[in-house]
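Note that the structure is predicted; figures quoted are calculated from it, not measured.
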Amino acid sequence: MREARVRRSRIQARVLLLGVLLVLTACLSDPGDTPGGETTLDGVPVHTLHTGAASVVRATGPVDEIFGSEASPIQAVRALAWTQEGEILLADADRAVLILSAEGDSLQRLGGSGEGPGEFRQVLMAGALDAGGVVYFDPVLNRVTEFTPSHEVHRLWSPEPSVGPGSIFAPLALASDGAVLGVPIPMGPADTSESLRSSPHVDESTIWRFAPVIRVTESAVDTVTEAAVVRCAEVAPPECTPDGDMATMASGEHGTVVAPRDRAEARVFGPDLEPLHTVRSDDLEAEPFSKLFWDDRGRLWLGHWRSPEWWVVRDGDATRMGFPEGFEVWDVADDRALGVLRGELGVQRLAVLALPPTRNAP
């Protein structure tokens with residue numbers, strides 16, 4: 001009886017966390033100049049993105065629609081990426097996890113509704129693995145599931161790092177080696193005054209919640225950095241109501257990047273989590289980066305959900321890339337952008353867009 005009550009309590013906490021996460025997820029030189037880096041932040045080079053200096057390279061079409069229609073629309077996309085096998089990984093609110101061919105033909109649905117191996121109650125995040133196959137995270141079951149390139153279940157594990165009393169670990173990103181990136185989130189009133197403070201980079205009247213960014217594997221827990229995680233809608237401790245956005249994170253074979261919530265900045269770490277450099281916009285009023293990823297060439301893409309323009313960063317050089325209105329970029333491989341195309345009626349379709357050469361391509 002006691003074990004049943006504990007199990008119900010854990011499931012209720014995870015369902016609450018799922019609700020929170022679904023709400024929370026709704027600096028380099030001009031390419032013609034010598035790269036910056038003279039300024040340092042705690043010994044790490046800081047490069048500045050000069051927003052008014054770099055011209056925008058436009059990705060004009062044609063856009064090849066490959067999946068989705070009025071009769072079979074895509075719902076809220078949770079994940080969209082190229083796999084190592086050249087296929088497409090899609091996770092949305094309706095279909096859970098699908099593997100598609102490069103042409104958009106449905107190949108296989110991974111798992112199904114349930115609690116057994118390879119099954120899920122909800123899919124919050126998914127991604128392609130460097131070694132082949134795919135990985136997804138179920139917040140209700142608090143479980144990471146990895147599939148082999150042949151779409152068989154390879155491994156199941158639960159990220160449960162110790163984050164202190166009154167808090168629960170909130171996964172925010174999946175790494176391409178199957179690790180989980182996240183932060184501790186208080187689940188009720190607690191003494192959080194030490195984590196609530198103003199940011200030195202923005203208006204000091206705004207209060208932010210700072211938290212350690214944690215990288216969790218099945219066998220280890222590492223602290224990546226500390227960052228402003230969320231802006232507090234209520235500034236009186238011990239409460240800090242999230243405003244619907246959180247720090248953005250991504251991790252791949254080229255390293256880990258964390259974009260804090262309080263400024264347009266990205267902190268880049270190497271494969272062993274050693275600090276490499278920081279990229280920062282010179283526009284003090286610029287929005288924080290709300291979307292970022294590594295492409296197959298090791299270029300870092302920094303962008304915003306509501307903007308068609310991205311920064312493409314590599315080796316001390318940066319290019320600004322612009323996309324057609326209504327096209328949301330999710331991944332890039334072989335100079336092809338994979339994204340979601342929104343029609344006039346709001347219908348979502350998967351689409352592929354050929355990219356023009358960039359000045360910082362290898």
Side-chain angles (χ1 to χ4, degrees), residues 18 21 25 66-68 74-159 171-182 215-218 249-256 271 291-296 301 328-334 336-340 348 350-352:
L18 170 61
L21 291 177
T25 58
I66 61 175
F67 186 74
I74 299 171
Q75 305 300 321
V77 176
R78 302 279 170 76
L80 181 60
W82 301 105
T83 70
Q84 293 294 326
E85 294 74 35
E87 298 169 341
I88 297 172
L89 164 68
L90 168 66
D92 74 359
D94 182 51
R95 297 177 177 84
V97 180
L98 283 181
I99 298 296
L100 311 175
S101 71
E103 292 73 34
D105 300 321
S106 181
L107 296 179
Q108 185 168 349
R109 173 173 174 150
L110 300 184
S113 179
E115 298 186 7
E119 297 178 335
F120 49 81
R121 296 283 300 278
Q122 179 62 266
V123 175
L124 181 65
M125 301 177 296
L129 293 169
D130 290 332
V134 302
V135 59
Y136 72 77
F137 173 71
D138 183 326
V140 177
L141 300 178
N142 189 39
R143 187 167 69 189
V144 175
T145 301
E146 295 182 15
F147 285 87
T148 66
S150 59
H151 307 154
E152 299 175 348
V153 175
H154 170 62
R155 185 171 64 138
L156 306 171
W157 65 282
S158 296
L172 297 178
L174 286 172
S176 58
D177 63 355
V180 178
L181 292 173
R215 188 180 191 275
V216 183
T217 65
E218 192 171 10
M249 308 170 196
S251 183
E253 63 175 323
H254 305 288
T256 297
K291 198 169 184 182
L292 47 85
F293 61 86
W294 299 99
D295 69 12
D296 60 333
W301 290 69
E328 298 177 358
V329 185
W330 282 77
D331 198 5
V332 171
D334 297 326
R336 298 177 301 156
L338 175 64
V340 176
Q348 299 182 37
L350 299 193
V352 175

If every non-hydrogen atom of [X] is compared with every non-hydrogen atom of [Y], which pair is closest and at what distance?
X      : Y      : answer
Val144 : Phe137 : CG2-CD1, 3.8 Å
Leu292 : Ala250 : CD1-CB, 3.1 Å
Leu141 : Phe120 : CD1-CA, 4.3 Å
Pro149 : Ala131 : CG-O, 4.2 Å
Leu338 : Ala81  : CD2-C, 3.7 Å

Value rounded to 0.5 Å, distance of [atom1] in [X] from [atom2] in [Y]:
X      : Y      : atom1 : atom2 : value
Glu328 : Leu350 : CD    : CG    : 11.5 Å
Leu100 : Asp105 : CG    : CG    : 8.0 Å
Ser101 : Glu85  : OG    : CD    : 13.5 Å
Leu98  : Leu90  : CG    : CG    : 5.5 Å
Leu174 : Leu129 : CG    : CG    : 9.0 Å
Leu110 : Phe147 : CG    : CZ    : 4.5 Å

>> I need the single residue from Ile99, Leu80, Thr83 that forms a side-chain contact (heavy atoms from CB on, under 4.5 Å) with Ile88. Which is it?
In response: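 Between Ile88 and the candidates, side-chain contact (heavy atoms from CB on, under 4.5 Å) is satisfied uniquely by Leu80.
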> Parallel, tilted or perpendicular for His254 and Trp294, by the 30°/60° rule?
Replying inline: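 It falls in the tilted class, 30° to 60°.
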> Any donor and acceptor pair, going by atom type alone, linking the side chain of Asp331 with main-chain N or O of Asp295 inside 3.5 Å?
Replying inline: no
> Would you say Lys291's side chain and Val329's backbone share a donor-acceptor pair under 3.5 angstrom?
Replying inline: yes
> Is the shortest side-chain N to carboxylate O distance from Arg215 to Asp177 below 4.0 Å?
Replying inline: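 Salt bridge between Arg215 and Asp177, a charged N being under 4.0 Å from a carboxylate O: yes.
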>> Going by salt bridge (charged side-chain N to carboxylate O under 4.0 Å, His left out), name the pairs with one or both residues in residues 128-149, residues two or more places apart or in two chains.
In response: Glu146-Arg155
